[in-house]
Amino acid sequence: MKTLLIVYHSQSGASAGLARELWRGAREEGSVDVRVMRAWDCGTLDVLEAHGLALVAPENAGALGGGMKDFLDRVFYPAIDRQLVLPYALVISAGNDGRNARAQVQRMVSGIPFTEATPPLICRGEVSEGHRRECRELGQALAAGLEMGIF
Ligand SMILES: Cc1cc2nc3c(=O)[nH]c(=O)nc-3n(C[C@H](O)[C@H](O)[C@H](O)COP(=O)(O)O)c2cc1C
């Protein structure tokens, strides 16, 4: 069975809520093992066991939220050393922008390289039902794509 690893960093709960919706959507697919971890708790060994990644984090002060930055910093060289190429999806939670955080993630993971399974999603403003639905659909699509081997 394939494993989808959802890694999130959240300061005030928005990204955590979006990660939960990704998890719900992926679980609906039923055919993929879905793990959810806080970025601070997640390391290279967890990533090595995954077949796909979903990253969820806020933009803070024009930059990627610190926990996610720390996670990517920690796995960067070990992933390169192991020639790890994984499909990933990205969700940024932001007040009104999110583009810098998106660019930072894209820049870092393209150096490993992880490959973009789906276009990045930026959820701006308070988390809405629309955001939650988009994340559920994304989780489901990721799980289905992993299962079918299309990424
Ligand atoms: C210290 C701080 C800095 C922030 N800076 C930005 C920013 O640069 N751009 C933006 O769009 N939103 C910014 N925000 C808003 C957060 O990205 C937004 O509230 C997000 O949903 C928080 O996600 P979280 O609850 O998972 O931490 C900032 C929030 C905080 C607390």
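Note that ligands are numbered from 1 as they come in the structure, with each ligand's atoms numbered from 1 the same way. Computed from a predicted model, the values in this text were never measured in an experiment.
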With heavy-atom distances below 4.0 Å as the criterion, list the atoms of ligand 1 near Ala14.
21 (O), 23 (O), 24 (P), 25 (O), 26 (O)
Within 4.0 Å of atom 29 (C) of ligand 1 (strictly less), any protein heavy atom?
yes
Which residue and atom name correspond to the protein heavy atom nearest atom 17 (O) of ligand 1, and how close is it?
Glu59 O, 2.6 Å
How about Asp81 and Phe76: do any of their side-chain heavy atoms sit closer than 4.5 Å?
no
Between Tyr88 and Gln106, does a side chain to side chain contact (heavy atoms under 4.5 Å, CB included) hold up when you go through it step by step?
CA-CA 10 Å; Tyr88 81 97; Gln106 288 175 318; 3.9 Å; yes
Is the number of heavy atoms from other residues, nucleotides or ligands within 6.0 Å of CZ (Arg27) greater than 12?
no
Against heavy atoms of Ala61, which atoms of ligand 1 measure under 4.0 Å?
3 (C), 4 (C), 5 (N), 6 (C), 7 (C), 8 (O)
Under a 4.5 Å cut-off applied to non-hydrogen side-chain atoms, are Cys123 and Leu18 in contact?
yes
In ligand 1, the atoms that come under 4.0 Å of a heavy atom of Gly98 are 11 (O)
Sub-4.0 Å atoms of ligand 1 with respect to non-hydrogen atoms of Gln11
24 (P), 26 (O), 27 (O)
Nearest non-hydrogen contact to atom 8 (O) of ligand 1 from the set Pro58, Ser15, Cys123, Gly62 belongs to Gly62
I'd like the name of whichever of Ser10, Ala57, Ser12 reaches closest to atom 26 (O) of ligand 1 through any heavy atom.
Ser10
